[in-house]
Amino acid sequence: MYNKRNTDHLLLTFLIPSFNCEYTNKGLILVVLFAILFVIIAFLNIFFPKFGWYMRYGWMVKGNSEPSDAYILMSRISSIIILIVFLFVILPSLF
C-alpha cells in the first residue's frame with residue numbers, strides 16, 4: 001500500500017542517515033541547516049560569481065586570470081533559477 005509519509009523523504013533518508021520521517025529534533029535541525037547553507041551558497045554565487053570561479057578554476061591557473069563575462073552571467077542566471085526552484089518546489093516539500 002502506498003504511504004505518502006514514508007516515501008516523501010526517501011532521498012533525505014539516504015543523504016542524512018540520522019534523518020527520520022517522524023521529524024525528530026535532530027532531523028529537523030539538519031534539514032534547516034541544509035536549507036540555510038544552500039541559500040547562502042546560492043546568494044554568494046549570485047552576488048560574487050568570481051569567488052566561485054576562483055575556488056573551482058582559479059587556483060589551477062598561474063598568473064592573473066579572470067572569468068569571462070559569459071561565465072559570470074551564466075553563473076548568476078543559473079544560481080537564480082536554482083534558488084527559485086529550491087524555495088518554491090523543494091523547500092515546501094521538506095516541511
Side-chain angles (χ1 to χ4, degrees):
M1 178 182 269
Y2 176 73
N3 188 351
K4 183 171 177 29
R5 186 175 182 170
N6 289 337
T7 57
D8 278 347
H9 307 291
L10 189 60
L11 180 62
L12 282 177
T13 307
F14 288 116
L15 293 177
I16 306 170
S18 64
F19 183 80
N20 187 357
C21 290
E22 299 294 325
Y23 285 118
T24 62
N25 287 338
K26 188 176 183 181
L28 184 60
I29 290 171
L30 287 174
V31 170
V32 170
L33 287 176
F34 167 75
I36 290 170
L37 182 65
F38 189 87
V39 170
I40 288 172
I41 291 172
F43 276 120
L44 279 174
N45 206 24
I46 291 169
F47 293 113
F48 306 106
K50 287 183 182 181
F51 176 73
W53 183 86
Y54 284 118
M55 294 301 291
R56 186 168 184 188
Y57 302 112
W59 63 272
M60 291 187 273
V61 180
K62 290 184 179 180
N64 292 334
S65 182
E66 295 282 328
S68 67
D69 291 337
Y71 176 86
I72 292 173
L73 179 67
M74 290 308 296
S75 179
R76 285 184 173 155
I77 290 172
S78 63
S79 294
I80 290 169
I81 291 170
I82 288 173
L83 187 62
I84 289 171
V85 168
F86 179 76
L87 291 177
F88 292 110
V89 176
I90 296 174
L91 193 62
S93 70
L94 293 176
F95 299 103

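Just so it is clear, the values below take in all heavy atoms, side chains as well, and ignore hydrogens, waters and symmetry mates. Residues take their numbers from the sequence shown, with the count starting at 1.
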Notebook entry, point to check: Is there a chain of hydrophobic side chains (I, L, V, M, F, W, Y, each step under 4.5 Å between heavy atoms) that links I40 to F51?
Noted result: yes

Notebook entry, point to check: Same hydrophobic cluster for L37 and V32, using side-chain heavy-atom links shorter than 4.5 Å among ILVMFWY?
Noted result: no

Next item on the list: Flag the pair S65 / Y54 as yes when at least one side-chain heavy-atom distance between them is below 4.5 Å, and no otherwise.
Entry: no

Notebook entry, point to check: Any salt bridge (charged side-chain N to carboxylate O under 4.0 Å, His left out) pairs touching residues 40-69, not counting sequence neighbours?
Noted result: K50-E66

Checklist line | Spacing of CD1 belonging to I41 relative to CD1 belonging to I36, to within rounding of 0.5 Å | finding: 12.0 Å

Next item on the list: To the nearest 0.5 Å, tell me how far W53 CH2 sits from I72 CD1.
Entry: 9.5 Å

Checklist line | Other residues, nucleotides, ligands: >12 heavy atoms within 6.0 Å of M55 CE | finding: no

Compile the donor-acceptor pairs under 3.5 Å between side chains in residues 83-91 and protein atoms, sequence neighbours left out, one pair per line.
none

Notebook entry, point to check: Between F38 and F34, what is the ring plane arrangement, given parallel below 30°, perpendicular above 60°, and tilted in between?
Noted result: tilted

Check: Does Y71 share a hydrophobic cluster with L73, counting links as ILVMFWY side-chain heavy atoms below 4.5 Å and allowing steps through other members?
Finding: no

Item checked: Value rounded to 0.5 Å, distance of CZ in R76 from CD1 in I81 -> 14.5 Å

Notebook entry, point to check: Can you hop from L44 to I80 via hydrophobic side chains spaced under 4.5 Å?
Noted result: yes

Next item on the list: With sequence neighbours excluded, give me every side-chain hydrogen bond (donor to acceptor under 3.5 Å, both in side chains) pair touching residues 77-90.
Entry: N45-S79

Checklist line | Cluster link F48 to V39, ILVMFWY, side chain under 4.5 Å | finding: yes

